[in-house]
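A short write-up of the structure that comes next.
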Amino acid sequence: MFGIVPRSIMSGQKRRRRLFPVSPTPSVIRGLHYTNVYRSRSAISGQKAVLTEAVKAIKPDEVQKRHVTGDVISPGQVMGIEHLRDPRLNKGLAFTLEERQALGIHGLQPARFKSQEEQLELCRISIQRYQEDLNKYLYLTELHDRNEKLFFRLLSENIEHLMPIVYTPTVGLACQKFGLIYRRPRGLFITINDIGHVYDVIKNWPEPNVKAIVVTDGERILGLGDLGACGMGIPVGKLALYTALAGIKPHECLPIVLDVGTNNQNLLEDPLYVGLRQRRTTGKLYDDFVDEFMQAVVKRYGQNTLIQFEDFGNHNAFRFLDKYREEYCTFNDDIQGTASVAVSGLMASRRVTGKKLTENTFLFLGAGEAAIGIADLTVKALENEGLTEEQARERIWMVDIDGLLAVDRPEGNLEGHKKFYAKKHPPMKDFKAVVEEIKPSILIGASAAAGAFTPEILRMMATFNERPIVFALSNPTSKAECTAEQAYTNTDGRVIFSSGSPFGKVTVGEKVFHPGQGNNAYIFPGVALGVLLSGIHHISERIFLIASETVANHVSDTDLQRGSLYPPLSSIKEVSMQIAMKILDHAYEERIATVYPKPKDMRTYVQENLYKYYYEPALVPTWGWPDHPVVKTRAYPKSERKFYQPKETL
Ligand SMILES: O=C([O-])CC(=O)C(=O)O
Ligand SMILES: [Mg+2]
């Protein structure tokens, strides 16, 4: 069926606009089977005849092979200006003269040739020119849309500087301003009106080889609450880290918003809001919709597709995790990823305090996804140190919006896992009073209650403990329970602190502290990589404990001395690799891997499968190209063709 696209259909599509901003290349290939996508491309490129020719000439095996291995396929079928407009193929001024000539883009760009390194330098200069983080975010989004390899290389080589832009905290602001800054689609918006047709909507996604999905319904975006469809920024940001931190190929990643409405009155009244303008659908219809979504994903992309749930409302997050964890390849990042990174911090803290985890009293502010997730995984870690489950739970106290989780509190509200932590203790409302009463050694905030760890509470922590441990995990920065500075200054610099969003260094007296970021970004990319490469079907708690241990083992004495319980962000790529390798070992040991034969050398196996963000030579057609005869200009002088090596880093 190669090349057989009826002319009548194609010409009828001339008025069609471009449908997708992302790489058309696979669409073209899929277009052989899905003619609508093919038609839309050919219509805009105005090269339909040429495309038909080209498609005839490409050997199907070669195309399929290159696509399946995840490399950009550019066997020349995307020619001329379209080649520059395709973010996967575009190399900007890095196209060589020969490539420019053969691809029919000669003359469409200025004469200079640039190496990717030179382009990176330009990106850095450009970013530095922006004062506001949101503008930096927009610049990076535009780069992502324009030149994928350059975007990912820039991001992964400048994690410390750029992660706070494409991810927490700036991504939170981007979500809040989503209606204003929305330019081009990235990801799928599936609405409750699509019920009954979810599979068809997913089929519209132009990539045939999706392996990982991050999905949100936008009900609890970071600590910012219900942002409805504006929550799309979160799956996009998380998946950018899949690639930048764990080398998962971008075309294998799919961000999805399930738009079931929003209960955020401001958004409902905001003329700029881009989602469904209705209140959230709940109950059976909502559940049926999510069920249909899960089934449609498997039908379209197979049962090994990893589905990461992100920023759902509390109640739904737990329900869906319980409901789907044995049926699908899924995890909830806010429950399990956050738990894993927090427990990793707790494991590392043992080297500072000299105490076992069992010697601590834990107090949580918040009893939502993150807090319960951390508590549950902490119980597992305490069991590993010899306690029974019951003894472990006894050491964990929790305070939610109604006060201390106490068996007899009048409000009740002890559903789900909360009941495991409810104590036989007189009900108490006031958080400070609880701190005074319990005298915790470890205080963990996952409440989105900004400033709840008051200076007074922090000072109390410093009186009960030589080295108090305080985690202010709520995101973004504006929701943190206390700032790093407040934590250090109110404890004479004795606190062991970490936060979900990044804080800069803090100076107290002579000492400078560099607090670590206890963010699930240390966990989910590596877990996803390990799961995808081993083909594990179900993701157990053990996987997250393995991730915790791996991150904790990566913390050096220097990190601890600098005040951080986490390895530097600059080493997070190596950490992700390590997590993936540990998961692979575990998967083969436990016989839960489904990728066989077992790779001989795990590191080589992982490395061979990583996304390559260096440019590769464009493949150019060898069969001739009637509309684009190679423009044979005079050879450029050598001096013009030389690449310059930049020195600066961001
Ligand atoms: O996105 C982040 O930075 C961490 C996270 O999952 C959340 O806060 O919901
Ligand atoms: Mg989240």
Side-chain angles (χ1 to χ4, degrees), residues 124 127-128 131-133 136 158-165 167-170 172-173 223 341-342 344-346 348-355 365 435 440-445 449-519 521-522 551-552 554-572 648-650:
R124 291 184 202 109
I127 289 171
Q128 275 163 355
Q131 301 294 315
E132 294 193 11
D133 287 345
K136 295 182 185 190
N158 296 279
I159 283 296
E160 255 158 304
H161 288 96
L162 299 184
M163 199 168 109
I165 307 293
Y167 186 65
T168 312
T170 310
L173 188 59
V341 78
S344 142
L346 295 175
S349 76
R350 294 180 295 201
R351 285 159 59 195
V352 184
T353 59
K355 286 202 275 189
L365 181 62
V435 176
S441 51
I442 298 179
L443 194 55
I444 297 177
F453 295 170
T454 58
E456 207 181 348
I457 288 176
L458 292 165
R459 283 197 292 272
M460 279 187 332
M461 286 297 287
T463 59
F464 312 142
N465 304 287
E466 179 51 35
R467 300 299 308 265
I469 297 176
V470 176
F471 290 179
L473 297 181
S474 291
N475 295 316
T477 322
S478 59
K479 298 290 176 185
E481 285 75 10
C482 66
T483 64
E485 173 143 22
Q486 288 161 345
Y488 287 107
T489 52
N490 287 294
T491 57
D492 321 313
R494 284 185 283 126
V495 73
I496 303 171
F497 177 78
S498 72
S499 55
S501 301
F503 281 107
K505 62 181 183 197
V506 175
T507 311
V508 182
E510 305 276 273
K511 280 203 88 167
V512 183
F513 299 96
H514 300 262
Q517 190 185 343
N519 189 290
Y522 277 101
V551 177
H554 229 84
V555 181
S556 68
D557 290 343
T558 318
D559 297 329
L560 295 176
Q561 277 151 19
R562 283 160 53 92
S564 177
L565 293 175
Y566 296 96
L569 283 179
S570 54
S571 69
I572 195 165
E648 261 184 64
T649 52
L650 198 72

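Keep in mind it's a predicted model, so treat the numbers as computed, not measured.
- Take Y566 and apply the ring-ring contact (aromatic ring centres under 6.0 Å, His included) test, not counting sequence neighbours, and it matches Y522.
- Taking each heavy atom of V555 and S564 in turn, the nearest pair found is CG1-O, 4.0 Å.
- A donor-acceptor contact closer than 3.5 angstrom links the side chains of N475 and S501.
- Between I457 and A452 the shortest heavy-atom distance is CD1-O, 3.6 Å.
- A348 and A552 make their closest contact through N-CB, 4.2 Å (heavy atoms, listed as atom of the first residue, atom of the second, distance).
- Across G518 and L473, no two heavy atoms sit closer than the pair O-CD2, 3.8 Å.
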List the steps, then state whether side chain to side chain contact (heavy atoms under 4.5 Å, CB included) holds for V470 with I496.
-> CA-CA 6 Å; V470 176; I496 303 171; over 6 Å; no
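- Residue T491 holds its OG1 atom at 11.5 Å from CD of Q486, rounded to the nearest 0.5 Å.
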Extract all donor-acceptor atom pairs below 3.5 Å that involve side chains of residues 503-515 and protein atoms in other chains or at least two apart in sequence.
none

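- To the nearest 0.5 Å, the span separating OG1 on T477 from NZ on K479 amounts to 11.5 Å.
- One distance of note links CG of N465 with CE of M460; it measures 11.0 Å at 0.5 Å rounding.
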From CA spacing to verdict: side chain to side chain contact (heavy atoms under 4.5 Å, CB included), M163, Q517 = CA-CA 11 Å; M163 199 168 109; Q517 190 185 343; 4.2 Å; yes
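- Remark: E160 CD is packed, more than 12 non-hydrogen atoms of other residues, nucleotides or ligands lying under 6.0 Å away.
- When all heavy atoms of A462 and P468 are compared, the closest pair comes out as CA-CG, 4.1 Å.
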Yes or no on side chain to side chain contact (heavy atoms under 4.5 Å, CB included) for N519 and Y167, after CA distance, side-chain angles and deciding distance?
-> CA-CA 11 Å; N519 189 290; Y167 186 65; 2.7 Å; yes
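- To the nearest 0.5 Å, atoms CG (L365) and CZ (F471) are separated by 15.0 Å.
- Proximity of N158 to R124: side-chain heavy atoms (C-beta onward) are separated by under 4.5 Å at one or more points.
- Between the CG atom in D559 and the OG atom in S571 there is a gap of 7.0 Å [rounded to 0.5 Å].
- With hydrogens and angles disregarded, no donor-acceptor distance shorter than 3.5 Å links the side chain of R350 to the backbone of K355.
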Verify side chain to side chain contact (heavy atoms under 4.5 Å, CB included) between K136 and T170, making sure each step is shown before the conclusion.
-> CA-CA 9 Å; K136 295 182 185 190; T170 310; over 6 Å; no
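- One distance of note links CG of L173 with CD of E132; it measures 8.5 Å at 0.5 Å rounding.
- Nearest heavy-atom pair, M461 versus V435, reported as atom, atom and distance to 0.1 Å: SD-CG1, 4.4 Å.
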